[in-house]
Structures are given as C-alpha cells and as structure tokens.
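I have placed the structure first, in the form of structure tokens, so that the comments after it can refer back to it.
Side-chain atoms are counted along with the backbone in the values below, which use heavy atoms only and exclude waters and symmetry mates. Chain naming here is simple, since letters A, B, ... match the order of the sequence lines and numbering starts at 1 in each.
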Number of protein chains: 2
Amino acid sequence: MSGTHVLDSLLALTQILQADQERELDRRGLTGPRTHLLWVLHHGGPATQVQLSEALAVTPRHITTLVDALDATGLARRKPHPTDRRAVLVHLTDRGTSLMEAMDAEHDELGAALVDGLDHDTVRALIRGLDHVRAQLEGLIAEHERAQREREENP
Amino acid sequence: MSGTHVLDSLLALTQILQADQERELDRRGLTGPRTHLLWVLHHGGPATQVQLSEALAVTPRHITTLVDALDATGLARRKPHPTDRRAVLVHLTDRGTSLMEAMDAEHDELGAALVDGLDHDTVRALIRGLDHVRAQLEGLIAEHERAQREREENP
DNA sequence: TATTGTTATACTCTATAACTATA
DNA sequence: TATAGTTATAGAGTATAACAATA
C-alpha cells in the first residue's frame, strides 16, 4: 500500500520538477541535452566529442548535432586538439561559462527552498529513505539484467 | 547544504527510475507517450482525440500520430462517435487492455519492492518529506508564474 | 461561427551505416 | 588497422498553420 504511495509521490514529484526545469530551459532557449553537454564542459573542462558522447551516453554522431547548435548560439566552440589532428576540443565561451554559473546558483537555491521549513530529523529521514529506495531499485535492475542475460544465453 | 543533497538524490533517483521504465517499455516495443495514452484510456475509458490531447497536454495533431501508431500495433482502435459525426472514440483492444493490466500489476510490485526493508516510521517520514518538497516546489512555481505575468504586463 | 480531426511543414532527439582524414 | 568526426538517412516526439467536414 504505502510502497505504491511512495512510488506515486516520487513519480508525481519527478514530473513537476521536470516540467519546471524545462520551462526554465525554454525561457533561456535551451534544451535538456544541450544543457547537459554544457554542464559536462563546465564541470570537467574542454573535451573531445568522443569523450562527450561517453559522458552523455549518446552516439558521437549526435554530439556533432548538439555542438553545432551550441556553436550557433555562441555558448560553446570547437578548437583544434593540440596533439591529435583528427580530434577537436569543445569548450565553453564566456557566455556559456556565465550561463552555467547562473544555473548552478539557481540549482543551489532550489535545493535550499525545497527543504525550507522541514526540521533536521525529517530531512535526515528523507535522505535515508531516498537512499534506501535507490539501493532497492538498483538491486532490482541488476536482477532484471541477470535474468535477461540468462534468457539470451539459453533457448 | 542538505537541501542540495535532497535535490541531487531526487534527480539521481529520477534518472534511474526513468531509465528503468524506458527499458521496460522498449522490451515491449512501446514509447513513453504512447503508453501514457494507453494508460489514460485504461483508467478513463474510451475518449475523443481532443479529450486525449487535454489529458496528455499535447496538440490534437500529435494525438493523431500517436493513435495511428497504436492502431498499427493493434493496441487501440478508433470507432465512430455515437452522436457527433465529426469525432471518433479511441478505445483499447483486448490486447491493449491486458497489456495495461500487466503493467499496472508491475507498477504495484515495484512500489512494494522500493520500500521493502524500511520500517514504518521511516516510510511515514519519507512520504511526509516528499509531500513537503512537492508543496514547496508548487509554491515556487506559482511565484515564478506570477512574476512572469507581471513582467509581461509591465514594460 | 466554432469544433474535430487531418494534411503540410519544421525542429529536436536519437540511432545506424558509410565515408574522410589522421593515428 | 583503428579512431575522430561528418555526411546520409530514418523514426519518434513535438509544434504551428491551413483546411475539410460537421455542429
């Protein structure tokens, strides 16, 4: 009973959170994947497109598209890789950097606002509960994957 | 500090949950929006395309595309509206119905598994925390929208 | 005149396959 | 021969605008 309640709360919250994030991105003319790429550059420094494709878990081909769009809007640029002439290094422009700084600050503000008014013990319990749920979920997924592999190996 | 921790836990959990859901849908040859549409039909009964476009918050045009795909895979069908000859009623086929029953059962199982091992008090605190976070978020959004309207009305 | 659904067009996310230039 | 990135093509989610049939 209450398990379903937790799951439904979580899903509802997820949906509201995402809708809000998307509105904020929209206001700035950004999309989720492009912002993710900017975030990776902001927190990891300049990177090749292959590195970005691993970080975002998408194909290198798609990174080309995303970087093209960010270049067109002046948030990121390509420059030649200093030692490998096949590769490029993608880096933030000044505008890209200050955008990411503003978004990081907003993220911290949002985090603080969400738990404002909750006593310390409830926050602790909330974090503990979320960690537990995550561990359970990861256990389930590992189990699914094991079952999947077995199904593939046997008739 | 711990507010950011809560937000980050929430976002990480969201991501894992979604990736898992998407894998399950993929296994069945479904996509998120199409499944959402099936879910609305399962829990609300046959509906016109305009009603579906309101329920999913997408354009009526896009509902045409989604229903076409579900019709092609035999999960939903159109039939004439009994009283309004402009409209159609979209309804689940038998296959669509049993698919949604199976997915509802899986959803309940997942909910139960997520809190398995947590004592009752922690589950209560978790639910209370999630409700609080959601209320805070909705308050923030309402405030943003108010500020937005003011910005639009004034120079 | 307003509403229901569809044709036409376009943008974005995403993938695979084939190709070029370099290692 | 393997790797970095791009051209070509395609499916899916999404939108707007224009239009037909019916209310």
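- One atom, CG of B:D68, and another, P of D:dG13, lie 12 Å apart when rounded to the nearest Å.
- Here B:H120 pairs with nothing under the ring pair (Phe, Tyr, Trp, His ring centres under 6.0 Å) rule; sequence neighbours left out.
- If you check every strand for non-hydrogen atoms under 4.0 Å, B:T64 touches a base.
- Listed nucleotides C:dT4, D:dA12, C:dT6 differ in distance to B:R34; the shortest reach to its side chain belongs to D:dA12.
- Dashed line: the shortest gap from a side-chain N or O of B:T65 to OP1 or OP2 of D:dT14 is not under 4.0 Å.
- When the side-chain nitrogen and oxygen atoms of A:T59 are compared with OP1 and OP2 of C:dT16, none of them lie within a distance under 4.0 Å.
- Of the candidates C:dA23, D:dG5, D:dT14, D:dT14 carries the atom nearest the B:P33 side chain, counting heavy atoms from C-beta on.
- With a 4.5 Å cut-off on side-chain heavy atoms, A:L30 and A:L75 count as touching.
- Here C:dT4 is the nucleotide among C:dT4, C:dT12, D:dG5 with the atom lying nearest to any side-chain atom of B:R86.
- Nucleic acid contact class of B:L66 (heavy atoms, under 4.0 Å, all strands): sugar-phosphate only.
- With values rounded to the nearest 0.5 angstrom, A:T97 atom OG1 is found 9.5 Å from A:H91 atom NE2.
- Residue B:Q49 places no side-chain N or O under 4.0 Å from the OP1 or OP2 atom of C:dT3.
- Atoms CG (A:D71) and P (D:dG5) sit 15 Å apart, rounded to a whole Å.
- Scanning atom types as modelled, no donor and acceptor separated by under 3.5 angstrom connect the side chain of B:R61 and the base of D:dT14.
- For A:T48, the listed nucleotide lying nearest its side chain is D:dG5; candidates were C:dC13, D:dA2, D:dG5.
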request  = Determine, step by step, whether A:H144 and B:D20 satisfy the side chain to side chain contact (heavy atoms under 4.5 Å, CB included) criterion, reporting the C-alpha distance in whole Å, the side-chain angles of both residues, the deciding distance to 0.1 Å, and the verdict.
outcome  = CA-CA 10 Å; A:H144 283 174; B:D20 183 51; 4.2 Å; yes
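- The same ILVMFWY cluster, assembled from side-chain heavy atoms under 4.5 Å apart, contains both B:L7 and B:I141.
- On a pure distance criterion of 3.5 Å, no polar donor-acceptor pair joins the side chain of B:R85 and the base of D:dT22.
- One finds a salt bridge joining B:E24 and B:R27 here, because a Lys/Arg side-chain nitrogen approaches an Asp/Glu carboxylate oxygen to under 4.0 Å.
- Rotation axes derived from the C1' atoms of the five outermost pairs at either end of the helix from C:dG5-D:dC19 to C:dA23-D:dT1 lie 10° apart, to the nearest 10°.
- Note: CD (A:Q51) to C1' (D:dG5) measures 14 Å, nearest angstrom.
- In this structure, of C:dT6, D:dA23, D:dT16, it is C:dT6 that holds the atom nearest to the side chain of B:R78.
- In terms of position along DNA chain C, the nucleotide closest to B:A87 lies nearer the 5' end than the nucleotide closest to the other residue of the pair B:A87 and A:V58.
- Under the 4.5 Å side-chain criterion, counting only non-hydrogen atoms from C-beta, A:V133 is in contact with B:L126.
- Taking atom CG of B:D26 as the reference point, atom C1' of C:dC13 lies 15 Å away to the nearest angstrom.
- The distance from atom CD of A:E22 to atom C1' of D:dA15 is 13 Å, rounded to the nearest whole Å.
- One atom, CG of B:L25, and another, P of D:dG11, lie 21 Å apart when rounded to the nearest Å.
- With rounding to whole Å, A:H36 atom NE2 is found 13 Å from C:dC13 atom P.
- Contact check, B:H62 against D:dG13: no side-chain N or O comes under 4.0 Å of OP1 or OP2.
- Taking atom CG of B:D84 as the reference point, atom P of C:dA2 lies 17 Å away to the nearest angstrom.
- Salt-bridge check for B:D68 with B:R34: failed, with every basic side-chain N at 4.0 Å or more from each acidic carboxylate O.
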